[in-house]
Protein chains: 2
Amino acid sequence: MATSRVRLSDVAKAAGVSPTTASFVLNDRCESIPAETQQRVLDAARRLHYRPHIAARALATGRTRRIGIVLNQPESFSTNDTYFAEILAGIIRRATEHDRNVLLLSAHYTTWRSLFADITGGAVDGVLQISRFVSDELTPALIEAEFPLVCVSFRTDDERCLSVDCDNESGGYLAARHLVELGHTRIAVLYPGDVLSWGRERLAGIRRAVVEAGLSPDGLQVRAWDEKRLPEPTWVRDAVEWFRTLDPRPTAVICCDEIRARMVAEMLPVAGLSVPEDVSVVSFNSTEISDRCIPPLTSVRQPLPEIGRAAVDVLLERIRGGTFDASVVQFPMSLDIRQSTRRPRCAASTGASLIKATGKTRMRSREASGIRSRTRARKDQEHGE
Amino acid sequence: MATSRVRLSDVAKAAGVSPTTASFVLNDRCESIPAETQQRVLDAARRLHYRPHIAARALATGRTRRIGIVLNQPESFSTNDTYFAEILAGIIRRATEHDRNVLLLSAHYTTWRSLFADITGGAVDGVLQISRFVSDELTPALIEAEFPLVCVSFRTDDERCLSVDCDNESGGYLAARHLVELGHTRIAVLYPGDVLSWGRERLAGIRRAVVEAGLSPDGLQVRAWDEKRLPEPTWVRDAVEWFRTLDPRPTAVICCDEIRARMVAEMLPVAGLSVPEDVSVVSFNSTEISDRCIPPLTSVRQPLPEIGRAAVDVLLERIRGGTFDASVVQFPMSLDIRQSTRRPRCAASTGASLIKATGKTRMRSREASGIRSRTRARKDQEHGE
DNA sequence: CTGTTAGCGCCTTCAC
DNA sequence: GTGAAGGCGCTAACAG
């Protein structure tokens, strides 16, 4: 930056052609330009270390070759949020493949309007929003402005709103049906409330499975957390206490967030309820967080990197001006059964008959001793400190 | 974007002033402009929903208010790399505080030259590079071009190169001294080789501690991994096998990478060596990864979010044209002692005398049974599958 | 105090 | 096939 910038016109001059010609060559629009001329331009560019000025190009073309991602909070990156990290990895990889860069836009702007201004001010060609609140004002504003936007892991009712999401209703259904099949009849649900579309949807799916099994949906015990706060031990403690004192106490918990699910699974034994002996626990996302929990958590999986990749594809198509048959790309969810779920102590034989994986059951019991010991060790540790 | 853009001149016209005046007002350069005029401009801007065009401004000012981050790989985000995520969280938060956006530049460009072109092509005002190879060609090229750059978690020999890093030599020293004090005399070291500056430095610190204790540095068994690949089970398996068959076999391992340390700690019992009974393990970074390992790993901590924040501060100062006393900001490292280290089975009494925390020792043995059980459970699981 | 003017560096529609 | 000219939207000297 010390030496003044080499411009396209400098290259053109050096190659003995006009800026127009140089521009054509350098942008692969070299229809009917003699190979010899092309070479001259290319050589000159290399010799002078020519690098196009991105802002100038953006100004002239109206395209930045950049896509934005709105972060709910900077902490979206920190340890916990494997969910976010996995999606982001998919987004970045795909964006790079398409020769696009990714601009991180933290939602920590003082007002959503200033964020809106930046986004629509030509910083990016389009934007991805991830798991935002249904009450979010930025999303409808962008839609209204017809700015290219793809919502990831949430949707709005607006039909113009493109989104890439999972079939959360089915995800909830899978979780609950698994428990019902194991013989559970009283289930507690922890979820973010209706402020997130997937919260509402997963709960609906859970309800469906329960009703389908001939149980009353009123038997579901539902508790919401405040999604505006990061997962807090305080909340977990309260939730566990709430669970423990329910009467009759449920024999299973479905927690719609993976981090909180892990925290709950770790807190339950402290409150005297072991997992899965006393309580079965089902989490969502099924990343390493569920897998490394003690015991490993049965979890509803969504294909996170694929979601990220699909989001980029849809967004680029939208930027290109393409049209879409449907406004939402939906991925299926599946259930990864691990060691945190089993038949309740006094299982109704109806459900128990549906269990298939005998091999798994054996394995589970063989491990049980180790898991119990470990659980006790944890507790000692807690009290000892 | 459907309706054509509102320009500054439109606002000026609506307010009955010239573009210059409008520009002044909108950019808070309103020295000596009547409050009444200012209000007219502000009103007009709001009424017309004026949003400045970022690329145009960047072209005119030569400033983008954007900083770039070069990612080694898109996977930098995925679960594993807590190290990276923590630093990034610090970077984003600080950048947002300074009203800057962050552009992600994946190093997966086909050539470093094209990355170089993008960076210096006016996409960003400055760039942060994180933990890159000493052989990286991009870094010296940026320095040579005098482009604002701050290296995070690595450094080059070039004095013009600004960097924010930890005192890795002391970190290595702390790790090794801890082991020596516990009575270990034979130590194995796993590190990335000299391709990363911190690899070289940590090893040097380890050597210093060993020599200081009157031991021969030749007793250190050192093995490198290929940093160009993500942590692989294959490598871990080989490393553990290498360790197991060393003669005489070391009683401790220092692994300079947290993920690999965890993998090693998990693989050792599979090979018949329990942690910490047979082998003590020390890792680096001390994030949740070490903390949640079984047993929790003693680990050398670095203040990751602070590093990210400092990197942004330094970069912005550099962009502003500031000068610096020193070219490197260095944070201290500290040791978090957890359950993966203890006296070797036949500890030399020399070292043992240095142990202080009697309380801890007691606690550790109280937990030992639980940990051992858990270790066995893991092994069963491995064989069972 | 405010308006006029001239770029910033590139692309692109036109003539030649 | 190539060149000339205008404009993208904003800022910043320089007049007035």
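Keep in mind it's a predicted model, so treat the numbers as computed, not measured.
Overall, the helix from C:dC1-D:dG16 to C:dC16-D:dG1 carries an axis bend of 40° between its ends, with five pairs at each end and the value rounded to 10°.
Residue A:L8 holds its CG atom at 14.0 Å from CZ of A:R51, rounded to the nearest 0.5 Å. Residue B:F84 holds its CZ atom at 4.5 Å from CG of B:L71, rounded to the nearest 0.5 Å.
Residues in residues 57-72 of chain A take part in these salt bridge (Lys or Arg N to Asp or Glu O under 4.0 Å) pairs, two or more places apart or across chains: A:R65-A:D99. Sorted by first and then second residue, the salt bridge (Lys or Arg N to Asp or Glu O under 4.0 Å) pairs with a member in residues 10-23 of chain A read A:R7-A:D10; sequence neighbours excluded.
If you walk DNA chain D from 5' to 3' and mark each nucleotide with an atom closer than 4.0 Å to a heavy atom of chain B, the marks span D:dG9 to D:dA13.
Partners of A:E97 according to the salt bridge (Lys or Arg N to Asp or Glu O under 4.0 Å) rule, which considers only residues two or more places apart in sequence or in another chain, are A:R94. Under the rule for a side-chain contact (heavy atoms from CB on, under 4.5 Å), the partners of A:F24 that lie at least two apart in sequence or sit in another chain are A:T20, A:R29, A:I33. With sequence neighbours excluded, no residue forms a salt bridge (Lys or Arg N to Asp or Glu O under 4.0 Å) with B:R318. In this structure A:T323 satisfies the side-chain contact (heavy atoms from CB on, under 4.5 Å) test with no other residue, sequence neighbours excluded. Looking at residues two or more places apart in sequence or on another chain, you find a side-chain contact (heavy atoms from CB on, under 4.5 Å) between B:E144 and B:R160. The salt bridge (Lys or Arg N to Asp or Glu O under 4.0 Å) test applied to B:E159 returns no partner, not counting sequence neighbours.
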Could you write out each protein N or O paired with an N or O of nucleotides 13-16 of chain C at a distance under 3.5 Å?
none

Output one line per pair: protein atom, nucleotide atom from nucleotides 8-10 of chain C, and distance, for all N/O pairs under 3.5 Å.
unit_1	atom_1	unit_2	atom_2	d
C:dG9	N2	A:A56	O	3.4
C:dC10	OP1	A:Y50	OH	2.5
C:dC10	OP1	A:H53	N	3.3
C:dC10	OP2	A:L8	N	2.5

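Looking at A:R155 and A:S197, their side chains never bring a donor and an acceptor atom within 3.5 Å of each other.
In B:R320, the CZ atom is crowded: over 12 heavy atoms of neighbouring residues, nucleotides or ligands sit closer than 6.0 Å.
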